[in-house]
Number of protein chains: 2
Amino acid sequence: MITFIKQHSCKDELKASNLKVTPARIGVMRFLESVSKPADAETILKDLNKEGINPDPATIYRILDILSGKGLIQKIELGEGKYRYEKSENHHHHLICTNCGKIEDVKADFVSNLEGQIREKNGFLVKSHSLEFFGLCKNCQN
Amino acid sequence: MITFIKQHSCKDELKASNLKVTPARIGVMRFLESVSKPADAETILKDLNKEGINPDPATIYRILDILSGKGLIQKIELGEGKYRYEKSENHHHHLICTNCGKIEDVKADFVSNLEGQIREKNGFLVKSHSLEFFGLCKNCQN
DNA sequence: TTAGGTGCAAATGATTTGCAATAAT
DNA sequence: ATTATTGCAAATCATTTGCACCTAA
């Protein structure tokens, strides 16, 4: 018996979402896969530039928009007045140091339990959520 | 025995934070006290205008900034690319309908429990948090 | 070929800033 | 009187849009 192991690929993900495969799109997907912290548009663009891909900022925004529309990435806000993006599989919560700006991760799935309660109490169907903590990281408490 | 009941007053709150009492500041405090949903700068300004107070937008932003700096109000983001503000005592979480934009409240204090755990596990001192749910409200599920 | 993707330049929207005039204590 | 606060106008920053050109399928 032969088992086909689904080899993960940015290109395949794009195709699976009926999106044309372009260098800029591959670059964005790759980058978001490689980083542990959610990244903003500017950071993403600069990384692509390093790899010799030079899309217009408008293109980056359009790509981020379509990818989050397809659910491949998540658009989040961390109280900075701009958006950050993360690969959907990387979803987790953050600890944002209000002093130095450091962003740490917290893995916690307690929120999932709440969604059922909300459905019952409020009749609201939760599709996604954000949970962020602001405060002082270890280094900034002195 | 005479009991002094602390009569809540916007002016007193301002004074207690060493802020000068001005019409615009009173107006902002009053408005945020009167509404159940977090409001954006534009909405706040329009309300003040109705009451005959006509500050410049820049003044509104400066007031919102100083009030949140003093902890009298909270600055939050609901995925709209702008900030909203709420009276600190009104802190709660929101259900944001991604279809019609309706904002509902959820009262829940389960998050408080987490802050202790985060302190232990991550050494991170939580000062505030945000928890928002995105999905479809009752009306928009059909 | 052709629908979808991109570059460029200009527009938008929220928020911020410098500075001089003004009002709260 | 003194210092904080405000108004005004201009600047900034992130993001969006119109349109002509280009490219992946």
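The figures here come from the full heavy-atom set of this structure, side chains too, leaving out hydrogens, waters and symmetry mates. Just so we're clear, the structure is a prediction, and the values are computed from it rather than from any experiment. All chains are named by letter (A, B, ...) in the order of the sequence lines, taking the proteins before the strands, and each is independently numbered beginning at 1.
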Rounded interatomic separation in angstrom, taking [atom1] from [X] and [atom2] from [N]:
| X | N | atom1 | atom2 | answer |
| --- | --- | --- | --- | --- |
| B:Ile26 | C:dA23 | CD1 | P | 15 Å |
| B:Arg84 | C:dT15 | CZ | C1' | 16 Å |
| A:Leu67 | C:dG5 | CG | P | 11 Å |
| B:Ile63 | D:dA4 | CD1 | C1' | 12 Å |
| B:Glu42 | C:dT12 | CD | P | 15 Å |
| B:Glu80 | C:dG13 | CD | P | 15 Å |
| A:Arg25 | D:dT23 | CZ | C1' | 12 Å |
| B:Asn18 | D:dA4 | CG | C1' | 12 Å |

Could you state whether [X] and [Y] fall into the same hydrophobic cluster, counting links through intermediate Ile, Leu, Val, Met, Phe, Trp or Tyr residues with side-chain heavy atoms under 4.5 angstrom apart?
| X | Y | answer |
| --- | --- | --- |
| B:Ile60 | B:Phe31 | yes |
| B:Ile26 | B:Leu72 | yes |
| B:Met29 | B:Ile53 | yes |

Could you tell me whether the phosphate oxygens of [N], OP1 or OP2, come under 4.0 Å of any side-chain nitrogen or oxygen in [X]?
| X | N | result |
| --- | --- | --- |
| B:Arg62 | C:dT16 | no |
| B:Tyr61 | C:dT15 | yes |
| B:Thr22 | D:dT5 | no |

Worksheet item: Taking NZ, NE, NH1 and NH2 as the nitrogens, is one of them in A:Glu13 or A:Lys87 under 4.0 Å from a carboxylate oxygen of the other?
Response: yes

Worksheet entry | B:Lys46 and B:Glu42 ion-paired at < 4.0 Å |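 Between B:Glu42 and B:Lys46 there is a salt bridge, with a charged N closer than 4.0 Å to a carboxylate O.
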
Worksheet item: Which residue, A:Ala24 or B:Asp56, contacts DNA chain C at a nucleotide closer to its 5' end, judged by nearest heavy atom?
Response: A:Ala24

Worksheet, complete the sentence: The answer to which of B:Pro23 and A:Ile66 contacts DNA chain C further toward the 5' end, by nearest nucleotide, is A:Ile66

Item to complete: Describe the nucleic acid contact of A:Pro55 in one word from base, sugar-phosphate, nothing, applying a heavy-atom distance below 4.0 Å.
Response: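 Sugar-phosphate only.
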
Worksheet item: Any donor-acceptor pair under 3.5 Å joining the side chain of B:Lys20 to the base of C:dA23?
Response: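 Flag unset: no donor-acceptor pair detected.
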
Worksheet item: The side chain of B:Tyr83 lies closest to which of these nucleotides: C:dT15, C:dC8, C:dG4?
Response: C:dT15

Worksheet entry | Candidates C:dG5, C:dT17, D:dG7 - which lies nearest the side chain of B:Ala58 | C:dT17

Worksheet item: Going by atom types only, do B:Glu132 and A:His129 share a side-chain donor-acceptor pair under 3.5 Å?
Response: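 Side chains of B:Glu132 and A:His129: no pair found under 3.5 Å.
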
Discussion item. Can a side-chain donor-acceptor contact be found between A:Thr59 and A:Asp56 if the only test is distance below 3.5 angstrom?
Written reply: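 A:Asp56 vs A:Thr59: no donor-acceptor pair found between side chains.
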
Discussion item. Give the residues of residues 43-54 of chain A touching DNA chain D, defined as any heavy atom closer than 4.0 Å, sorted by residue number.
Written reply: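 Those residues whose heavy atoms fall under 4.0 Å from DNA chain D, taken from residues 43-54 of chain A, amount to none.
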
